[in-house]
Amino acid sequence: MPELPEVEAVAARLRPLVQGVRIVSCGQFRPTTAKGADSAIGRVVERIDRRGKHILVRLDGGVFLRVHLKMTGNLTVIPDARLRASTVRAWFEFEDGRAMVLDDPRALGRVSFHHDGEEAELFSELGPEPFCAEFTFEHLLRRMRLSRKPVKPFLMDQRAVAGLGNIYAAEALFEARIDPRREARRISCGRISRLHGAIVGILRSALDSALRAYSEPGGFTEGENFPSAVYGREGEPCLACGRAVKRIAQAGRSTYFCSACQR
DNA sequence: TCGATCCTGTAG
DNA sequence: CTACAGGATCGA
């Protein structure tokens, strides 16, 4: 489920619920789910940050929990730590009886405990945040010139820019009218400029709708999010030209695109 | 750079 | 039953 916009929405909803609360116990589904989680016991949550698709739960004493939701994870607060859904894979009980839980049917999501000093190394391969000044057209150009990957797997690998996944990479390439199969380094300056704008624009509007969806009373309403132009629309008419949207496999993932509009 | 792998659920 | 899933890592 989550790319940068959804992860940011999860973090935003968490913030007011956990700030200043002390963790008194924790548990996990399997020892690989939340490595080092016990070290969080007795600490107070100071802040929730996000870096790419990672959620950082800052704790007192210069440490943090890193949470990655992978495909189907969700990080929420439940009112009673004892009443956990069967899909909860890691939980952190608070003094007041509530709990922050990693709920993930597919159990791919991970939590890990770190000292602040490890942060730089932890994210040394992670590209800049798409909404930060560091993510410029020049930066994208430079990175693209170095990669022989097809541009869509290139965008998904988190090193050129953090936070894009299978949906928004496809959507950005559609908006920029670029063929997802094209080698990154063989794409012209003009197209890269369009792509840069499309990445920021797509993530911006997806973030807006994710924040809206998460703030509504019903909570998280999946699918009601961002209306896709190409993702998941195999065989349906391209919104620009009417020809059928295609689906191909790239690096083991589905890629949706319009072979007429994207060249 | 590609395929297998981690996991479970759901759609066809 | 098989295919596939809004992710990422690992080894060949």
Side-chain angles (χ1 to χ4, degrees), chain A residues 1-11 28-35 50-55 66-75 85-90 102-112 121-127 130 143-144 146-174 180-186 199 202-211 213-214 220-235 245-257:
Chain A
M1 128 215 157
E3 299 182 34
L4 183 148
E6 295 77 25
V7 175
E8 178 56 36
V10 167
Q28 58 185 308
F29 175 56
R30 272 201 279 275
T32 50
T33 302
K35 273 191 286 180
R50 180 195 53 76
R51 181 75 176 89
K53 300 176 196 173
H54 304 263
I55 295 171
R66 173 181 61 156
V67 180
H68 199 300
L69 305 175
K70 295 288 178 84
M71 304 280 264
T72 50
N74 193 11
L75 190 63
S86 60
T87 46
V88 164
R89 308 304 185 182
L102 172 63
D103 194 335
D104 184 359
R106 219 169 140 183
L108 293 172
R110 292 289 181 268
V111 180
S112 52
E121 199 198 326
L122 209 50
F123 299 125
S124 63
E125 296 281 282
L126 193 57
R143 299 301 304 228
M144 287 182 71
L146 296 173
S147 175
R148 332 169 83 104
K149 280 188 183 174
V151 61
K152 197 237 180 190
F154 165 82
L155 289 177
M156 287 178 65
D157 103 349
Q158 309 300 304
R159 293 188 297 189
V161 57
L164 280 174
N166 206 26
I167 293 182
Y168 301 128
E171 295 294 316
L173 288 166
F174 175 76
R181 298 166 293 189
R182 186 134 193 132
E183 227 179 285
R185 62 176 195 169
R186 292 185 51 234
I199 289 168
I202 289 284
L203 289 176
R204 179 84 255 162
S205 61
L207 175 58
D208 288 346
S209 66
L211 290 174
Y214 275 69
F220 171 52
T221 51
E222 191 161 3
E224 285 313 302
N225 262 6
F226 193 78
S228 294
V230 285
Y231 183 82
R233 297 190 62 245
E234 182 183 16
V245 171
K246 294 194 168 173
R247 179 165 72 94
I248 58 171
Q250 289 188 294
R253 314 293 304 278
S254 286
T255 296
Y256 298 85
F257 71 113

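Quick note: numbers below take in every heavy atom, side chains included, and nothing from hydrogens, waters or symmetry partners. Chain letters run A, B, ... following the sequence lines, proteins first and then strands; every chain starts at 1.
- Here Arg159(A) lies out of heavy-atom contact (under 4.0 Å) with every strand.
- Thr87(A) comes within contact range of no nucleotide atom at all, as no heavy-atom separation falls under 4.0 Å.
- The CG atom of Asn166(A) sits 7 Å away from the P atom of dA5(C) (whole-angstrom rounding).
- Atom CE of Met156(A) and atom C1' of dA5(C) are 11 Å apart (whole Å).
- Rounded to an integer number of Å, the gap from Phe123(A) CZ to dT9(C) P is 11 Å.
- For the P atom pair drawn from dC7(B) and dG11(C), the interatomic distance equals 16 Å after rounding to whole Å.
- Checking side-chain atoms of Arg110(A) against main-chain N and O of Ala107(A) turns up a donor-acceptor pair under 3.5 Å.
- Residue contacts for Gly165(A): at a heavy-atom cut-off of 4.0 Å it reaches the sugar-phosphate backbone alone, with no base atom in range.
- Straight-line distance from the CZ atom of Arg106(A) to the C1' atom of dG7(C): 8 Å, rounded to whole Å.
- The closest donor-acceptor contact from the side chain of Gln250(A) to the backbone of Pro180(A) lies under 3.5 Å.
- Atom pair His54(A):NE2 and dG7(C):P shows a separation of 12 Å (rounding to whole Å applied).
- Between the CZ atom of Arg253(A) and the P atom of dT9(C) there is a distance of 13 Å, given to the nearest Å.
- Phosphate proximity of dG7(C) to His68(A): absent, as no side-chain N or O sits under 4.0 Å from OP1 or OP2.
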key: Pair Arg89(A)-Thr33(A), side chain to side chain donor-acceptor pair (under 3.5 Å): steps then yes or no   = CA-CA 7 Å; Arg89(A) 308 304 185 182; Thr33(A) 302; over 6 Å; no
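- For the OP1/OP2 pair of dG7(C) and a distance below 4.0 Å, the side-chain nitrogens and oxygens of Gln158(A) include no atom meeting the criterion.
- With hydrogens and angles ignored, the 3.5 Å screen pairs no side-chain donor or acceptor of Glu125(A) with any backbone N or O of Arg159(A).
- Ring-centre distance between Tyr168(A) and Phe226(A): below the 6.0 Å cut-off.
- Under the side-chain hydrogen bond (donor to acceptor under 3.5 Å, both in side chains) test applied with Thr72(A), the options Asp104(A), Thr87(A), Asp103(A) reduce to a single match, Asp104(A).
- The nucleotide range of DNA chain B contacted by chain A, defined by atoms under 4.0 angstrom from heavy atoms of the protein and reported 5' to 3', is dT1(B) to dT8(B).
- Considering only side-chain N and O atoms, Arg247(A) lies under 4.0 angstrom from the phosphate OP1 or OP2 of dC4(C).
- For Glu3(A) (side chain) and Gly165(A) (main-chain N/O), a donor-acceptor pair under 3.5 Å exists by modelled atom type.
- Between Gln250(A) atom CD and dA5(C) atom P the separation is 13 Å, expressed in whole Å.
- Between dA4(B) and dA3(C), the two P atoms lie 13 Å apart (nearest whole Å).
- Partner assigned to dG7(C) is dC6(B), using Watson-Crick or G-U wobble distances below 3.5 angstrom.
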